[in-house]
Amino acid sequence: MASDIAVNNLDHLTWGGVDTVLLAQKYGTPLYVIDVDMVENRALSLKKAMQKYYPNGEVTYAAKALFCKALSKLIAKVGLSLDVVSGGELYVALEAGFPTERIYFHGNNKSQIELEMAVKNNVGTIVVDNWYELTCLEEIAAKEAKTQKIFLRIAPGIEAHTHVHIQTGQEDSKFGFTINDSLLAAKKALASQYLDLTGIHCHVGSQITNLASFTLTAKTMAQIKAEIEKAFGLNSLELDLGGGLAIQYLPEDPLFSPEELIEAIYKGLPDPSVKLHIEPGRYLVGQAGITLYTTGSQKEIPWVRKYVAVDGGMADNPRVALYGAEYYGLLANKPSLLAEEKVSIAGKCCESGDMLIFDAKLPQIKPGDILAVFSTGAYNYSMASNYNMLPRPAMVFVFGGKDKLVVRRETYSDLLLRDVE
Ligand code: LLP
């Protein structure tokens, strides 16, 4: 992570070769800034690692981590597929012209309308989560006279070592068919002339730092795949193991490479002929993103804590309040000043839980300084809200020293767009 930090001759933090202080002046704060080159490099190294172990493999970006039209176009350009989880994400992908055959539609409670939208728009694969969906989808595909490719989502009973709210593969989970139901579900799918069962899927959790979880998942899913294939005389079901690779939030956090991820999977599934799919979200965009804030009020409680407030907070980054996430920050307008103070960075929402960083080591901060918070590319913009009627920040792409506004800042009048009275 430290290697991502670059400073120019004005002693300003640069991101993607662009002066972040100038970005703050040009677009205002809070501001999401995404380094496009980093996203591209990570996409390429994921594809390369996949190619090395599983030449038929496919890398799919999980849109839920960060999505807008510009990002959809970038993902299409680098040749990844796309995982969407709602009619809304699908709509953005369609509006951005994402190739529909490379879209995978996930979700544990897709509505009839969403399923119809997917089938009508020729979404490549629908990842069927449950019995209700299997029935609905068959009816919709029949009505449209189409054969819809599907994967079955299975909860493989694996507890990934991560925050309990972002574990998803364990037996007690709202997602997917139980292992016991997997054979029956496959039977039902195979019996339908409107459904084409091409693979099975699981996702055991997010921000996974224990690579052995991926080995175990691969091994378990390979067994389930083998059972289904044996029972129904199939031989080439595809295997999708979801996303989940952890990123660095703090400089001391471990950094994993795509190669280590795929190698861990290969240990559990040493068969290069398998068509493996992975669906990273956070890994692709998390570290590519920073958020720039302007500092404001301060409050010092002797012997207790010094608070420094910024012009954003839980409305643009709810992850601290939700998961106790930890972030690293730096003064973008004077990054090389000695970090001599212990301060806690608070947001501006009317709620004590609205904190961004506890006990950060930073230089003396004055109102009007620019604070950069790192690793905010994933699950910040996508989870942002208008809590306290704060307009959501703008998003800028930076690449090779240039910047481009891709999502404009919300205005006060945007806040009333949907009020009808
Ligand atoms: N595939 C499926 C089916 C998923 O449910 C997810 C994430 C992914 C792929 C991508 O996982 P990733 O590579 O990004 O870990 N809001 C939480 C994260 C929730 C993740 C939900 N599913 C957070 O901010 O940590």
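Counting starts at 1 for both ligands and their atoms, following the listed order. Numbers here simply count residues along the sequence, with the first being 1.
Under 4.0 Å from ligand 1, the heavy atoms of Asp83 that appear belong solely to its side chain. Neither the backbone nor the side chain of Ala65 has any atom closer than 4.0 Å to an atom of ligand 1 (non-hydrogen atoms only). The proximity of Tyr323 to ligand 1, defined as any non-hydrogen pair under 4.0 Å, is limited to the side chain. Here His277 has no heavy atoms under 4.0 Å from ligand 1, in either its backbone or its side chain. At a heavy-atom distance under 4.0 Å, only side-chain atoms of His203, from C-beta outward, approach ligand 1. By the criterion of a heavy-atom distance under 4.0 Å, the side chain of Arg319, and not its backbone, is placed next to ligand 1.
Between Tyr381 and Tyr32, the angle of the ring planes goes over 60°, which puts this pair in the perpendicular group of the 30/60° scheme. Under the 30°/60° scheme for interplanar angles, the aromatic rings of Trp131 and Phe177 are found to stand perpendicular.
Atoms of ligand 1 lying under 4.0 Å from any heavy atom of Met383, numbered from 1 in the order shown and given with element: 16 (N), 24 (O). Taking every heavy atom of Pro280 and a limit of under 4.0 angstrom, the matching atoms of ligand 1 come to 13 (O). Listed by number with element, the atoms of ligand 1 under 4.0 angstrom from any heavy atom of Ala62 are 8 (C), 9 (C), 10 (C).
Taking a 4.0 Å cut-off on heavy atoms, Gly244 registers as neighbouring ligand 1.
By heavy-atom distance, the residue among Tyr283, Tyr379, Tyr104 lying nearest atom 14 (O) of ligand 1 is Tyr379.
In terms of N/O distances under 3.5 Å, ligand 1 is not approached by Arg153. Taking distance alone, with nitrogen or oxygen atoms compared against 3.5 Å, Gly281 approaches ligand 1 more closely than that limit. Checked by distance only, ligand 1 and Arg282 come closer than 3.5 Å through their nitrogen or oxygen atoms.
Counting only residues at least two apart or in different chains, side-chain hydrogen bond (donor to acceptor under 3.5 Å, both in side chains) contacts with residues 61-71 comprise Lys64-Asp83.
Salt-bridge annotation for Asp359 and Arg305: present, with a side-chain N of the basic residue lying under 4.0 Å from a carboxylate O of the acidic one. Ion pairing of Glu58 with Arg102 is absent here, as no side-chain N (NZ or NE/NH1/NH2) approaches a carboxylate O to less than 4.0 Å. Between Asp271 and Lys225 there is no salt bridge, since none of the side-chain N atoms of the basic residue sits less than 4.0 Å from a carboxylate O of the acidic one.
Residues Leu80 and Ala43 share a closest heavy-atom pair of CD1-CB, 4.0 Å.
Within a 6.0 Å sphere centred on CG of Leu417, heavy atoms belonging to other residues, nucleotides or ligands number more than 12.
Although no hydrogens or angles enter the test, the distance criterion places a donor-acceptor pair under 3.5 Å between the side chain of Asp354 and the main chain of Lys348.
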